[in-house]
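Here is the structure we will look at.
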Amino acid sequence: MAELILYNTLTRSEEPFQPREPGKVTIYACGLTPQAPAHVGHMRGVVVMDIVQRWLEQLGYAVHFVQNFTDIDDKIIRRAQEEHTSTAAVAEKYSRMYIEDAHALGVRLPHFVKVTENMDAIIEMVQRLVEDGYAYVVDGDVYFEVNKFPEYGKLSGRSVEEMQAGARIEVDERKRNPEDFALWKAAKPGEPAWDSPWGKGRPGWHIECSALSLKYLGAAFDIHAGGMDLIFPHHENEIAQSEAYLHCEQPFARYWLHWGPVRLRQEKMSKSTGLVVPIRELRQQYEPAVIRYFLLTVHYRTPLEFSYERLEESKAALERIRTAYQRAQAFLRERGGATADATVAEPYLQQFREAMNHDFNTAQALAAVFEVVRELNTHLNTPELADAPARLAGLLNALQWMMETVLGVALQPDAPAQSETLNQLMHCVIAWRQELRTRKLYDLADRIRDDLKAMGIVLEDSPQGTTWRIG
RNA sequence: GGCGCCGUGCCCGAGUGGCUAAGGGAAAGGUCUGCAAAACCUUUAUUCGUGGGUUCGAUUCCCACCGGCGCCUCCA
């Protein structure tokens, strides 16, 4: 196994990755509250985690990846009231949409878990925190007492004193310290509620991720991931309550991975500001592969500025990769295939692996992809080298592995599937048109080309013959 | 106010204490070609926000300043 380096928010440095258990990786990512259609910012996280999972698998690990749905909270309750339906129906509706969007982007779905289906684990955890003196009960609410956990602030790099200095938290008289946070909230009339030792209520936001990750992955699982905006307070609180629960004998998670925000007009894309591009909407305009490519052009921790100009650039860049891929495929098809020889591709594969091993640097990995593309095109342009189809096949395999297997970007556009019949038909059409060109009947030859173009089939003439591709 | 991140060519965006500062998009010129498209080659940063410092040597480390952003409240 190659040495994977990843950036750990907890230590603010890059570290060699060593899993809890050899050969196995456990990952937990905070999912979303399904109460509105997902936007591009959500999808960035989804795609980043998909890449992480894919690359770990390429390194030979068995990956167990769990993600939650916060299917009960204030916003869902409000939404249910607005839509005159139940909270369960709201959560179900938007969870489905989310899964559908993720699936469309070529994401391999994680093991989803829901809060409402794991109430027992949550209550058990809160109960133990109360028993152990880390939490206290007030009027049916349960709060975690931050002062009981001396390491509070270690993830986000802030201290309780600092936070009190800049206090903007509204003071709740019933809390012992302003920073204390709710583990359990007493039910208000008309709200969905669950029985607990403290009366009817529902979990606070932070406790669910701790309870679910510990239940499904166990203490000291490998990677805990989420958007950067979750570092404080969400992940800070998760650490406090989880490590308190574990009696500070084990760390909660070994590595903390956070992806950067997507911005729109210099501001974070977020529902609260209304600056949002729903992924549904974007999917109407761009095929999933282009959206995915766009998300991968920047390192995952860097903020990504959303713009249609950038998407157009991504589209053009992907087009370049696909053209080379299809030209090479067509060439090999004509030769009846070849045994792959990977020696030409190996330096680029090496470059690609190094980039991915360095904290999943997809932007850098794409440079290797384009080196392969150039090499492929050069081979195709040079008849004497083109006599080495084995090397072409090797490059083609490398390209396919990089783009499709690892990055998950489809090299065949969403178009009618290429069938053997279509291949044969195109073979004939090209032969007929060649005959016309030989007889200098260019009007007819051009008309064939134009008509096919209108159907989405591109013909390209070169000294080595005519090739076709869908595009 | 506190904590943290960032500022690289026309645009986007990797990166490193010293090797030609990746790659993509765009533009211009060339090659190929019946034309078109694609492709290939060349050109667009003696320079990496500004000013100091450390060092034999800094875009890369430290400090200050300017500019942008994130978090401190729900947030992917």
Side-chain angles (χ1 to χ4, degrees), chain A residues 9 12 29-33 35-36 38-46 48-49 67 70 73-75 98 153 156-159 161-170 179 205 225-234 236 258-263 266-273 293-294 297-299 301-305 307 309-310 312-321 323-324 326-327 351 355 358 361-371 373-374 376-382 437-438 440-443 445-446 449-450 453 458-464 466-467 469 471:
Chain A
T9 308
R12 292 178 192 283
C30 294
L32 83 175
T33 304
Q35 47 98 14
H39 60 249
V40 180
H42 295 119
M43 283 304 127
R44 183 179 196 192
V46 171
V48 164
M49 290 317 293
Q67 185 170 23
T70 305
D73 92 323
D74 291 342
K75 287 182 186 165
Y98 175 79
S156 57
R158 46 190 99 203
S159 66
E161 299 82 72
E162 278 166 13
M163 283 181 280
Q164 282 168 345
R168 291 207 323 209
I169 313 165
E170 55 181 277
E179 297 74 29
W205 173 40
M228 275 179 182
D229 47 5
L230 295 184
I231 293 174
F232 190 89
H234 186 54
E236 195 67 73
H258 293 99
W259 58 84
V262 174
R263 297 197 307 217
Q266 305 288 310
E267 252 188 272
K268 191 179 75 173
M269 190 177 285
S270 153
K271 276 187 290 255
S272 48
T273 56
Y293 181 95
F294 164 69
T297 53
V298 179
H299 181 88
R301 278 190 282 113
T302 306
L304 173 62
E305 178 71 27
S307 84
E309 288 75 22
R310 292 290 91 74
E312 285 300 320
E313 286 182 10
S314 294
K315 192 176 166 184
L318 180 58
E319 187 66 26
R320 173 168 155 78
I321 299 168
T323 301
Q326 293 182 20
R327 280 178 75 200
Q351 190 186 339
H358 192 175
N361 194 333
T362 52
Q364 197 171 42
L366 283 172
V369 169
F370 284 100
E371 298 296 342
V373 166
R374 172 169 293 114
L376 219 40
N377 284 326
T378 303
H379 275 66
L380 287 162
N381 283 352
T382 318
R437 290 175 71 209
T438 310
K440 298 203 189 312
L441 296 169
Y442 293 122
D443 284 359
D446 289 352
R449 189 170 61 194
D450 292 345
K453 171 96 180 168
V458 179
L459 287 190
E460 284 164 0
D461 301 319
S462 79
Q464 287 82 48
T466 301
T467 58
R469 61 186 169 86

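So you know, we letter chains A, B, ... as the sequences are listed, proteins then strands, and number each from 1.
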Does a side-chain N or O from [X] land closer than 4.0 Å to OP1 or OP2 of [N], or not?
{"X": "Asn377(A)", "N": "C40(B)", "answer": "yes"}
{"X": "Lys268(A)", "N": "A76(B)", "answer": "no"}
{"X": "Arg374(A)", "N": "G24(B)", "answer": "yes"}
{"X": "Thr302(A)", "N": "A14(B)", "answer": "yes"}

Side-chain heavy atoms of [X] within contact of [Y], under 4.5 Å:
{"X": "Arg263(A)", "Y": "Met269(A)", "value": "no"}
{"X": "Glu305(A)", "Y": "Gln266(A)", "value": "yes"}
{"X": "Leu366(A)", "Y": "Glu371(A)", "value": "no"}
{"X": "Phe294(A)", "Y": "Glu313(A)", "value": "no"}

For [X], report the nucleic acid contact type (base, sugar-phosphate, nothing); a contact means any heavy atom under 4.0 Å.
{"X": "Met269(A)", "answer": "base"}
{"X": "Ser156(A)", "answer": "sugar-phosphate"}
{"X": "Thr323(A)", "answer": "sugar-phosphate"}
{"X": "Glu309(A)", "answer": "nothing"}
{"X": "Gly45(A)", "answer": "nothing"}
{"X": "Pro303(A)", "answer": "nothing"}
{"X": "Glu267(A)", "answer": "sugar-phosphate"}
{"X": "Ala317(A)", "answer": "sugar-phosphate"}
{"X": "Gln351(A)", "answer": "nothing"}
{"X": "Gly41(A)", "answer": "base"}

With [atom1] as the reference atom in both, quote the distance from [N] to [M] in angstrom, rounded to an integer.
{"N": "A38(B)", "M": "U59(B)", "atom1": "P", "result": "40 Å"}
{"N": "U20(B)", "M": "U46(B)", "atom1": "P", "result": "16 Å"}
{"N": "A39(B)", "M": "G25(B)", "atom1": "P", "result": "8 Å"}
{"N": "G53(B)", "M": "U60(B)", "atom1": "P", "result": "14 Å"}
{"N": "G9(B)", "M": "A21(B)", "atom1": "C1'", "result": "11 Å"}
{"N": "U33(B)", "M": "A27(B)", "atom1": "P", "result": "24 Å"}
{"N": "C10(B)", "M": "G4(B)", "atom1": "C1'", "result": "32 Å"}
{"N": "A14(B)", "M": "U73(B)", "atom1": "C1'", "result": "36 Å"}

Nearest whole angstrom, please: distance from the [atom2] of [N] to the [atom1] of [X].
{"X": "His258(A)", "N": "A76(B)", "atom1": "NE2", "atom2": "C1'", "value": "11 Å"}
{"X": "Leu376(A)", "N": "A39(B)", "atom1": "CG", "atom2": "P", "value": "12 Å"}
{"X": "Asp229(A)", "N": "C71(B)", "atom1": "CG", "atom2": "C1'", "value": "9 Å"}
{"X": "His299(A)", "N": "C6(B)", "atom1": "NE2", "atom2": "C1'", "value": "13 Å"}
{"X": "His234(A)", "N": "C74(B)", "atom1": "NE2", "atom2": "P", "value": "11 Å"}
{"X": "Arg158(A)", "N": "C5(B)", "atom1": "CZ", "atom2": "P", "value": "12 Å"}
{"X": "Glu179(A)", "N": "G2(B)", "atom1": "CD", "atom2": "C1'", "value": "13 Å"}
{"X": "Leu304(A)", "N": "G13(B)", "atom1": "CG", "atom2": "P", "value": "8 Å"}

Next on the checklist: Pair Arg301(A), Asn361(A) - check side-chain hydrogen bond (donor to acceptor under 3.5 Å, both in side chains), show working.
Outcome noted: CA-CA 10 Å; Arg301(A) 278 190 282 113; Asn361(A) 194 333; over 6 Å; no
Of the listed nucleotides [options], the one nearest the side chain of [X]:
{"X": "Pro233(A)", "options": "A76(B), C69(B), C72(B)", "answer": "C72(B)"}
{"X": "Arg12(A)", "options": "G4(B), A76(B), G25(B)", "answer": "G4(B)"}
{"X": "Ala367(A)", "options": "A14(B), A76(B), G23(B)", "answer": "G23(B)"}

Is the backbone N or O of [Y] less than 3.5 Å from a side-chain atom of [X], with the two atoms forming a donor-acceptor pair by type?
{"X": "Arg44(A)", "Y": "Gly260(A)", "value": "yes"}
{"X": "Thr362(A)", "Y": "Ala365(A)", "value": "no"}
{"X": "Thr382(A)", "Y": "His379(A)", "value": "no"}
{"X": "His42(A)", "Y": "His39(A)", "value": "yes"}
{"X": "Thr302(A)", "Y": "Val298(A)", "value": "no"}

Checklist entry - Is it true that Asp446(A) and Arg449(A) have a side-chain N and a carboxylate O under 4.0 angstrom from each other? => result yes
Checklist entry - Is any side-chain N of the basic residue among Glu236(A) and Arg158(A) closer than 4.0 Å to the acidic one's carboxylate O? => result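 No, no charged N to carboxylate O under 4.0 Å.
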Checklist entry - Rounded to the nearest 0.5 Å, what separation is found between the CG atom of Leu380(A) and the OG1 atom of Thr467(A)? => result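 Leu380(A) atom CG to Thr467(A) atom OG1 measures 8.5 Å (nearest 0.5 Å).
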Checklist entry - Between atom CE of Met228(A) and atom CG of Leu230(A), what is the distance when rounded to the nearest 0.5 Å? => result 11.0 Å
Checklist outcome for this item: Note, RNA chain B 5' to 3' with Watson-Crick or G-U pairs under 3.5 Å encoded as ( ), [ ], | and . gives (((((((..(((.....[....)))((((((.......))))))....(((((..]....))))))))))))....
Which atoms of nucleotides 30-37 of chain B (N or O only) lie under 3.5 Å from a protein N or O atom, and what are those distances?
unit_1: G34(B); atom_1: O6; unit_2: Arg437(A); atom_2: NE; d: 3.1
unit_1: G34(B); atom_1: N1; unit_2: Asp446(A); atom_2: OD1; d: 3.0
unit_1: G34(B); atom_1: N2; unit_2: Asp446(A); atom_2: OD2; d: 2.7
unit_1: C35(B); atom_1: O2; unit_2: Arg449(A); atom_2: NH2; d: 2.7
unit_1: C35(B); atom_1: N3; unit_2: Arg449(A); atom_2: NH1; d: 3.0
unit_1: C35(B); atom_1: N3; unit_2: Arg449(A); atom_2: NH2; d: 3.3
unit_1: C35(B); atom_1: N4; unit_2: Asp461(A); atom_2: OD2; d: 3.1
unit_1: A36(B); atom_1: N6; unit_2: Asp461(A); atom_2: O; d: 2.9
unit_1: A36(B); atom_1: N1; unit_2: Asp461(A); atom_2: N; d: 3.2
unit_1: A36(B); atom_1: N3; unit_2: Arg449(A); atom_2: NH1; d: 2.9
unit_1: A37(B); atom_1: N1; unit_2: Asp461(A); atom_2: O; d: 3.0

Checklist outcome for this item: Assert: residue with more 5' nearest nucleotide on RNA chain B, out of His42(A) and Ile231(A), is Ile231(A)
Item to check | Glu371(A) or Gln364(A), whichever maps to the more 5' nucleotide of RNA chain B | outcome: Gln364(A)
Polar atom pairs (N or O), protein with nucleotides 7-12 of chain B, under 3.5 Å:
unit_1: C11(B); atom_1: O2'; unit_2: Arg310(A); atom_2: NH2; d: 2.9

Next on the checklist: How about NZ on Lys315(A), more than 12 heavy atoms from neighbouring residues, nucleotides or ligands closer than 6.0 Å, or not?
Outcome noted: no
